[in-house]
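Single-structure report; data block below.
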Amino acid sequence: MLVAFLALIVAGCRSEEKKAASASESVPESMRTVTDDLGREVKIPQKIDRAVSLAPNLTEDVFAVGAGDRLVGVTTYCDYPEAAKKIQKVGDTLNPNIETIVALKPQIVLVSTASQLEAFSKILADNGIAVYITNPKSLDDIFKDLAQLGDIFGTQDTAAKVVGDLTDRVATITRAAAGKMPVRVFVQISKEPLFTIGKQAFVTEIVKRARGESVTANIETAYPNLSKETALALAPDVIILSDSPDNQEPNDAFKDSPAVKNARVFRVNADLLSRPGPRLVDALEQIARDLDAATRK
Amino acid sequence: MLVAALVLAAALGSERLSFFDLTEQQRSILFDIRLPRVFLGACVGASLAVAGAALQSLLRNPLAEPYLLGVSNGAALGTMLAFVFFTGFEFARPVFAFAGAVIATVVVYRMAKSRAGMNVERLVLSGVIVTTFLSSIIVLLTSLLDAAKLRSFTFWLLGDLSQATKSGFYLTLAVVVIGTIVLSSQARALNLMMIGERDAFDFGVEVNRVRIVVFGAAAALVGTAVAASGSVGYVGLIVPHLVRLAVGSDNRLVVPFSALAGATFVVLADTAARTLIAPRELPVGAITALIGAPLFIYLLRKN
C-alpha cells in the first residue's frame, strides 16, 4: 500500500517535470500563427517536426503533402498509406489517449471536427501543444486543408502540386459529366438499420459531380436513418453500397427498384466514401465510371 | 382502443397512402414494410406489459419489471452474442435471447433464495445487481468488438422496430399468445400471492410451481420481444399500473388487459417514431422512455 502510494507520488512528480519541459519548449523565440477551419488562431513553431493526427483523412492529407515522416502519432483507424500503420497509435478518433499524446511531445495535434473534444483540446493547450481543427465539407475544403497543411509543414510545393493534380482530375470528370442526363442514385451506408447520405454529407457533392443525383440529397443531416417506406418509394436507378461487411447488398426495401431489377448495384470502398481526404477523388472517378456503365447497360 | 391504434398506425407513415387506390408500389409499402412493423410493435408491447404485470404481482413489488430483474439484459446479451457469432441465422437471435433471459432469471432467483426461503427485497436487489453486471459486459463487448459489425446492434439496443421481418413477427405472435394464456391461467394464484405467500400457501397454491411458471413465461415473452426489437423501456412498468387504475387489481383482468394496452402503447409510440421527423426515423425506445418516465413519476405522486 505504502509502496503504491510512493510510486504514485513519484509518477506525479515526473508528469510535473514533463509539463514544465514541454511548456518551456513551446515558447521559443519565433512562433507563427495559422488560422484553422473554425477560424481559431493557432500559435505554432516555425518548423514542425512532431505532429499527431487524430483522424484517418488527416493522416492521408499529411502523407499526401509529403510530411508523413513527421507524424509521431496516429489513430487506430489510420491504415493508409501503408507507412501510417507503423506509426505509434494514440487510441481512436473518438477516444484518443491523452497521456500517450502528451508523452509523444508533439508540437501540433491535427483534429477533425468529427472528433473534436473540447475538454481534450484544453488539456493539450495546457501542455503547450497546439490543436489545429479541420472541418472539410466539400472537395474545395479538402483542397484548402491540403494547402494549409503544406503551409504548416513547410511543404508548400508538394501540396500545390497535389492540389493541382486533384483539381485536374476533378475537372476531367466534371467536363465528361456535363450535359449528360443525371442518374438517380441511392448511396447505402448501412443496410440494417438503413442509413444513407443526406444534405450535409460530402458524398452528396461527389455523386452530383459524377453525373448522379442523390435521391436523398434534400434530407437534413449528413447521415439520416431513413424510413424504409420512403426508401421503397424513392425507387432509385442505381444503388451504391459503401463496401463494409454488414453492407454487402441493398436493403430489402429496394427489391423492386429499377436498380436491383437491372442489376445496377455498385460497391465503393467504405474508406474512400467516409474520409474527406485526397482519396475522395478516387471515389469520384469510380462512381463516374459506374454511372457511365449503368447508363450503357 | 387497440384496433383504433392499429388503424391509425397503418394509415400514418413517412409515405402518404390512401387505402382505396393503391399502386403496386404503395401496396408493397403497406404490406411488406408498414404492417409487419405495426403488428410486431403490438406483439412486443403486449409481451413486455404482460410479463411486467405478472412479475409485479408475483413479487408484490410495483417496481418489478423485466428490466429491473435482469431478464431484459440477459436477453440483450444473448442477442448480442447471436449478432456477433451467428450473423447468418435469423433464428439465432430469439433463441439466444431466450437463453440469456432464462439464465439471468435463474441466476437472480438462486441469488435471492436463501435458507430462510425467498425474500422479495433480496430478489429485487439481486435483479439490480445482475442487470448492472450484464450491462457492464455489454459495454465491454461493445468497446472490444469491431464497430462496423455492431452498428446495427447498438441501434437495436436503443429499441428499434425498423428491422421487423415477417418471420420475426410470427414467432413473437406465437409466444405472446401462449404466454398471455399461460399467465392468465395463473391469475387466480397470483391474486392470492399478492396478499402474501403464506396466505397463498394456506389457500392451497403451490407457490414454487407458480413462481417457476411465471418466471419461465416472463423470460420467454421478454426474450422474444427483446430479440425482435431491442430494449423498448418502460412498457412493462407503466402499462400494468395504468391498467390497474382502470380495472382494479384482479389479475384475471390485469393480465389480458395489459396485453391489449401494452400493444396499443407501443404501436402509438412507434407511429410517432416513424412520423415525427419523417423521412428520418427515431428509435421507438426513446419515445416510450420519454412518455414512460414522466408518466411513472405522475402515478407515483398520485398514489
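Chain A is the first sequence line, chain B the second, and so forth, proteins listed ahead of strands; every chain is numbered from 1.
- In summary, of the residues considered (B/Arg34, B/Glu281, B/Gln26), a side-chain contact (heavy atoms from CB on, under 4.5 Å) with A/Glu229 occurs for B/Arg34 alone.
- Under a cut-off of 6.0 angstrom, the local environment of CD in A/Gln200 is crowded, with over 12 non-hydrogen atoms contributed by other residues, nucleotides or ligands.
- For the pair B/Pro279/A/Ile219, a side-chain contact is recorded, criterion being any heavy-atom separation below 4.5 Å from C-beta on.
- Both the backbone and the side chain of B/Arg280 come within less than 4.5 Å of a heavy atom of chain A.
- Using a 4.5 Å cut-off on side-chain heavy atoms (C-beta onward), A/Lys255 and B/Asp32 make contact.
- To the nearest 0.5 Å, atom CG of residue A/Asp256 and atom OG of residue B/Ser28 are 5.5 Å apart.
- If you measure heavy-atom distances from A/Thr221 to chain B, the contacts under 4.5 Å come from the side chain alone.
- More than 12 heavy atoms of other residues, nucleotides or ligands lie within 6.0 Å of NZ in A/Lys89, so this atom counts as buried by the packing criterion.
- With a 4.5 Å cut-off on non-hydrogen atoms, A/Asn225 touches chain B through its backbone and its side chain both.
- A/Lys228 has its side chain out of reach of B/Arg37: every pair of non-hydrogen atoms, C-beta onward, lies at least 4.5 Å apart.
- At most 12 non-hydrogen atoms from other residues, nucleotides or ligands lie less than 6.0 angstrom from CD of B/Glu24.
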